[in-house]
Amino acid sequence: MSISIHSQTGKLSPMGTGRWVSSQTAGKPGRVPERDQAAISPAGREALEGAQELSPLERALQNTTQEQVQAWMADWSAQHQLEVNWDAAVDPDHSIYAKAYMDGLASQMDQSRRTIEAYYQEGHQENLRFSNPYNHLVEKYQYSGSPYFRGDWSEAQRAMAFRQERALLWGGRVALNDPWALAASGGVPSGQAVESAARQAAREALDGLIAQYKKEHEVE
């Protein structure tokens, strides 16, 4: 008998000696295979055989010359024409579109400005007939005791008229959000309408360049 020491308990423990038993113990003879063997399931065999088959493309390319492949490609290209990006052809860096868009915005603002200035031109000319045009402007729109006071207008309309005629008198810029001056032309345009018109102007500019390009290069 041998004795082993359990380090965790600090006690001595008797342990019997032992030895390895061969595979032939207990009357069962051991068998050593002559070589390694592996069995493949039917599903695995089918997968292996399928992997060894040629793909449709590989079968089609068997015994095919380079000239035949090129002829096939030419025929395919003739039947699958790629769509040309004409915008990129005439405006590769988008600078033409951007300029046309900004010009469209500026054009609308200029049109509104000219309409407003024309609307207040009569009042502006009236102011200039007085020795002190600005005092007359104040009397018309801010001093209710003046015989020139526009009491038939609302306070908001008088405030806008005062601002616009003062801009004309002093050489400033008129406000473009004037519903009274722009009423005859449809009112103050919305931001969405202004942007849509600018995009349309840019689109028309590119379409003109595309039509010119196709004409010069005889493209249908």
May I have the step-by-step check of side-chain contact (heavy atoms from CB on, under 4.5 Å) for E122 and E126, ending in yes or no?
CA-CA 6 Å; E122 183 178 351; E126 177 187 314; 5.9 Å; no
Pairs in or reaching into residues 105-121: which pass salt bridge (Lys or Arg N to Asp or Glu O under 4.0 Å), with residues at least two apart or in two chains?
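Listed by first then second residue: D110-R113, D110-R114, R113-E117.
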Taking ring pair (Phe, Tyr, Trp, His ring centres under 6.0 Å) as the test, write out the residues that go with Y213, two or more places apart.
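With sequence neighbours excluded, Y213 shows a ring pair (Phe, Tyr, Trp, His ring centres under 6.0 Å) to W86, H217, given in chain and number order.
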Pairs satisfying side chain to side chain donor-acceptor pair (under 3.5 Å), at least one member in residues 198-209, at least two apart
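The answer is D87-R203, E195-R199, Q200-E204, R203-D207.
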Side chain to side chain donor-acceptor pair (under 3.5 Å) contacts in which one or both residues fall within residues 166-176, not counting sequence neighbours
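Of all non-adjacent pairs touching residues 166-176, none passes side chain to side chain donor-acceptor pair (under 3.5 Å).
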Output yes when a side-chain donor or acceptor of T115 lies under 3.5 Å from a complementary backbone atom of Q111, and no otherwise.
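Yes, T115 side chain to Q111 backbone: donor-acceptor pair under 3.5 Å.
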Is there a donor-acceptor pair closer than 3.5 Å between any side-chain N or O of Q108 and the backbone N or O of G104?
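Checking the backbone N and O of G104 against the side chain of Q108, a donor-acceptor pair under 3.5 Å is found.
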Measuring from atom OH of Y134 to atom CD of E165, what distance do you get when rounded to the nearest 0.5 angstrom?
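So the OH of Y134 and the CD of E165 are separated by 12.0 Å.
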Kindly compute the distance separating CE (M160) from CG (N177), expressed to the nearest 0.5 Å.
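Answer rounded to 0.5 Å: 5.0 Å.
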Hey, does I116 have a side-chain heavy atom less than 4.5 Å from the side chain of L182?
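L182 vs I116: side chains touch.
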Within the structure provided, determine whether F162 and V138 are in side-chain contact (heavy-atom separation under 4.5 Å).
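Yes; the side chains approach each other to less than 4.5 Å.
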Does K214 have any salt bridge (charged side-chain N to carboxylate O under 4.0 Å, His left out) partners at least two apart in sequence or in another chain, and if so, which?
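Here no residue qualifies.
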Considering residues at least two apart in sequence or located in another chain, which fulfil the salt bridge (charged side-chain N to carboxylate O under 4.0 Å, His left out) criterion with R163?
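Scan of R163 (salt bridge (charged side-chain N to carboxylate O under 4.0 Å, His left out), adjacent residues dropped) gives none.
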Any link between W180 and V188 through a network of hydrophobic side chains (Ile, Leu, Val, Met, Phe, Trp, Tyr) touching at under 4.5 Å?
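Cluster IDs for W180 and V188 match.
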If you look only at pairs with a residue in residues 184-212, which of them pass as a ring pair (Phe, Tyr, Trp, His ring centres under 6.0 Å), with sequence neighbours excluded?
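Matches after skipping sequence neighbours: none remain.
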Does any pair with a residue in residues 101-121 pass ring pair (Phe, Tyr, Trp, His ring centres under 6.0 Å), and if so which ones, sequence neighbours excluded?
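Pairs touching residues 101-121 that pass the test: none.
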Considering all heavy atoms, the nearest F149-Q142 contact
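Where F149 meets Q142 most closely, the heavy atoms are CE1-N, 4.1 Å.
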Partner set under side chain to side chain contact (heavy atoms under 4.5 Å, CB included) for S131, not counting sequence neighbours:
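For S131, no residue satisfies side chain to side chain contact (heavy atoms under 4.5 Å, CB included) once neighbours in sequence are set aside.
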Which residues end up grouped with F130 if you chain together Ile, Leu, Val, Met, Phe, Trp and Tyr wherever their side-chain heavy atoms are less than 4.5 Å apart?
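F130 clusters with Y148.
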Using residues 88-95 as the side-chain source, report each donor-acceptor pair under 3.5 Å to any protein atom, sequence neighbours left out, with the distance given to one decimal.
from : atom 1 : to  : atom 2 : distance (Å)
D91  : OD1    : H94 : N      : 3.2
D91  : OD1    : S95 : N      : 3.1
D91  : OD1    : I96 : N      : 3.1
D91  : OD2    : Y97 : N      : 3.0
D93  : OD1    : S95 : N      : 3.2
D93  : OD1    : S95 : OG     : 2.8
D93  : OD2    : S95 : OG     : 3.4

For E216, what residues pass the side-chain hydrogen bond (donor to acceptor under 3.5 Å, both in side chains) criterion, not counting sequence neighbours?
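Testing E216 for side-chain hydrogen bond (donor to acceptor under 3.5 Å, both in side chains), a comparison that skips the adjacent residues, returns Q212.
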Passing option when L169 is tested against H136, Q164, H124 for side chain to side chain contact (heavy atoms under 4.5 Å, CB included)
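Of the listed residues H136, Q164, H124, the side chain to side chain contact (heavy atoms under 4.5 Å, CB included) partner of L169 is H124.
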